[in-house]
Amino acid sequence: MARSLPVLQSSLNKDGSRNYVHPADVKGRFTRSRNVVFAVLMVVYLALPFVEVGGRPAVFLDVAARRFYLFGASFNAQDFWLVFFLLTGVALVLFVITTLWGRVWCGYACPQTVFLEGVYRRIERLIEGPRNLRLRRNAASWTFGKAWRKTLKHALFVVLSLFFAHFFVSYFVSLPSLLAMMQGSPAEHPYAFGWMAAMTLVLYFNFAWFREQLCLIICPYGRLQSTLTDRDTMVIGYDEGRGEPRGKARDPNAGDCVSCSRCVVVCPTGIDIRNGLQMECIGCAACIDACDEVMTKLKRPTGLIRYDSMNGFEGKKKRVGRRRLLIYSVALLAWGVGAIVALTGRGSFEANLLRSGSPFVTEGEVVRNALQVHLVNKSDAAQTFVLRGGPAPLEYVLPMPEVTLAAGEGRHVPVLVQTRDFEPGLRAAVEVRLQGVDEGRRLEAAFLGPGR
């Protein structure tokens, strides 16, 4: 029997126009697992700015004050270089996960998937009904029933987008400040209001219309999956050896696939998984649940569409250890060592010796340099710093030998350095030490003078 042609189902029509995907409802073990994960992650995503760790929000990016709080640790602008470890760490973890289990992040944990499938599409199904009814209503002319359903759906989408936008802003504005802003006039806080309004529009546009196009057009992850996976990566695929040739259930010469296209209509990106692994597949496993449901009704073994490696689908043995995974794991281990060294070596204050005004001035035989110590208290509590000058022949004048800085405060402390015995090569040195704590820095700068 000749193989049946695949059902044309995509987010694009034949003429290149947008085909609005309406995935059908599906039940099964993977769908139930995803719903649980969605619920947990929605709580996590929305609660992070409000749950306190060490007296601060778990995640609080105070851009205005240039202070950033992550799970009890505080950072300031001088710690921006640590973002390198954050970004590379996320990338390496994603590389390892993708090599092992494909796009499980996209299907289960990505905020786009969590909120689209866990909130917006649920509301759409509740108001407009199941897939077939939605398609018929969309193709029909406008009626009162169609109008009120569309109006109610989009009104709820706007309200939800506004609600989630406030949570987004709360990552950058403290909770008391956010509540105060909400009670005041938008004109009193134009920037915060502008960000909130812009995020509301972006969220509404994305979840009400753009949807799967974000994954297909904007997100680069799908295009990278071919370079991150290999033939031993666990992916969602179709067992062609068992399913082909396709035919009716009563045909003794046909394979197990009955061409019901159930795997296609439940796909949130509109692909046919029977055509092989594709960029559009986000690994949501909806097609597995749909196919298993059909196989169960036909009293045939489940797993025609399943999680397996490409080698597994071909009946070959799956390799556990392979070069790609080893390279990614070694890189992740090296990153971990580097991140630990960087974080443990990070001090509680920042100090730099800078020049102030003219490079030097002379008064008779005296050569004087005006310097300043830029101090930043990086801790969450007030700290007192003690400044001491270096050795002879340089003389030091410290107008503020002891400085107390509040948490996160920075200050420029003046230092005058002078000598009567100037020789090229002299270096000015200032020692900055935390009072009562065995932590200090020695700062040096070249002493400039005539002929230098």
Side-chain angles (χ1 to χ4, degrees), residues 43-90 93 166-182 189 191-192 195-196 335-354 372-388 398-415 430-443:
V43 172
V44 171
Y45 291 145
L46 299 179
L48 283 178
F50 303 101
V51 176
E52 290 192 355
V53 178
R56 299 283 186 178
V59 178
F60 180 29
L61 310 177
D62 191 354
V63 178
R66 292 180 292 181
R67 297 282 291 177
F68 312 99
Y69 304 91
L70 297 175
F71 304 104
S74 62
F75 305 88
N76 63 358
Q78 282 75 22
D79 297 318
F80 186 77
W81 63 278
L82 293 173
V83 172
F84 165 79
F85 290 98
L86 176 64
L87 297 180
T88 54
V90 170
V93 169
H166 278 83
F167 276 93
F168 174 81
V169 173
S170 67
Y171 276 90
F172 304 89
V173 179
S174 65
L175 180 58
S177 299
L178 178 63
L179 295 176
M181 291 176 184
M182 292 171 62
H189 310 281
Y191 295 108
W195 274 106
M196 183 275 300
W335 169 87
V337 173
I340 291 173
V341 171
L343 290 174
T344 55
R346 173 180 170 266
S348 62
F349 70 93
E350 191 78 22
N352 295 284
L353 189 58
L354 310 174
Q372 57 182 356
V373 176
H374 180 214
L375 275 176
V376 179
N377 179 10
K378 296 165 62 175
S379 70
D380 290 332
Q383 296 194 107
T384 299
F385 300 89
V386 178
L387 282 70
R388 290 197 292 264
L398 301 171
M400 300 171 63
E402 189 173 291
V403 181
T404 300
L405 300 180
E409 184 183 0
R411 187 178 301 177
H412 289 83
V413 182
V415 177
V430 178
E431 185 180 76
V432 179
R433 184 167 292 277
L434 274 173
Q435 189 176 67
V437 180
D438 189 19
E439 182 181 353
R441 306 272 178 86
R442 181 181 174 86
L443 312 176

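Keep in mind the model is a prediction, meaning the values are calculated, not measured.
Considering only residues two or more places apart in sequence or on other chains, Tyr171 meets the ring-ring contact (aromatic ring centres under 6.0 Å, His included) condition with none of them. With sequence neighbours excluded, no residue forms a side chain to side chain donor-acceptor pair (under 3.5 Å) with Ser170. When the ring-ring contact (aromatic ring centres under 6.0 Å, His included) test is applied to Phe60, the partners found at least two apart in sequence or on another chain are Tyr69. Take Tyr45 and apply the ring-ring contact (aromatic ring centres under 6.0 Å, His included) test, not counting sequence neighbours, and it matches no residue.
At a threshold of 4.5 Å between non-hydrogen side-chain atoms, the residues Thr384 and Glu402 count as touching. The shortest side-chain heavy-atom distance between Phe385 and Gln383 falls under the 4.5 Å cut-off. Put simply, the side chain of Phe75 does not reach to within 4.5 Å of the side chain of Leu61, judged on heavy atoms.
Under a cutoff of 6.0 Å and an axis angle of 45°, Arg441 and Phe349 form a cation-pi pair.
Heavy-atom minimum distance, Pro414 versus Pro399: O-CD, 3.4 Å. Across Ala342 and Leu82, no two heavy atoms sit closer than the pair CB-CD2, 3.9 Å. The shortest heavy-atom contact between Ala339 and Phe85 is N-CE2, 3.6 Å. Taking both residues in full, the closest heavy atoms of Ser379 and Arg67 are given as O-NH2, 3.2 Å, listed atom of the first, atom of the second, then distance. Nearest heavy atom pair, residue Ala381 against residue Asn377, reads O-ND2, 2.8 Å.
Partner Val373 forms a side-chain contact (heavy atoms from CB on, under 4.5 Å) with one of Leu353, Leu354, Val403 and no other, that one being Leu353.
Taking CH2 of Trp81 as the reference point, atom CG of Leu86 lies at 13.0 Å (rounded to 0.5 Å). Interatomic distance, Arg56 CZ to Ser74 OG, rounded to the nearest 0.5 Å: 8.0 Å. In this structure, the separation between CD on Glu350 and CG on Leu375 is 10.0 Å, given to the nearest 0.5 Å. To the nearest 0.5 angstrom, Asp62 atom CG is 11.5 Å from Asn76 atom CG.
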(message) Could you walk me through whether Met196 and Val169 satisfy the side chain to side chain contact (heavy atoms under 4.5 Å, CB included) test, starting with their C-alpha distance in whole Å, then the side-chain angles of each, then the deciding distance to 0.1 Å, before giving a yes or no?
(response) CA-CA 6 Å; Met196 183 275 300; Val169 173; 3.9 Å; yes

(request) Report the C-alpha separation of Asn352 and Leu443 in whole Å, then their side-chain angles, then the decisive distance to 0.1 Å, and conclude whether the side chain to side chain contact (heavy atoms under 4.5 Å, CB included) test is met. (result) CA-CA 7 Å; Asn352 295 284; Leu443 312 176; 5.9 Å; no

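Residue pairs meeting the side-chain hydrogen bond (donor to acceptor under 3.5 Å, both in side chains) criterion with at least one partner in residues 335-348, sequence neighbours excluded, are Asp79-Arg346, Thr88-Trp335, Ser348-Glu439. Here side-chain hydrogen bond (donor to acceptor under 3.5 Å, both in side chains) pairs that include residues 406-415, with residues two or more places apart or in two chains, are Glu409-Arg411.
Not less than 6.0 angstrom separates the ring centroid of Phe68 from the ring centroid of Phe80.
Within a 6.0 Å radius of CZ in Phe50, other residues, nucleotides and ligands contribute more than 12 heavy atoms.
We find that Arg388 and Glu431 are joined by a salt bridge, their nearest charged nitrogen and carboxylate oxygen being less than 4.0 Å apart.
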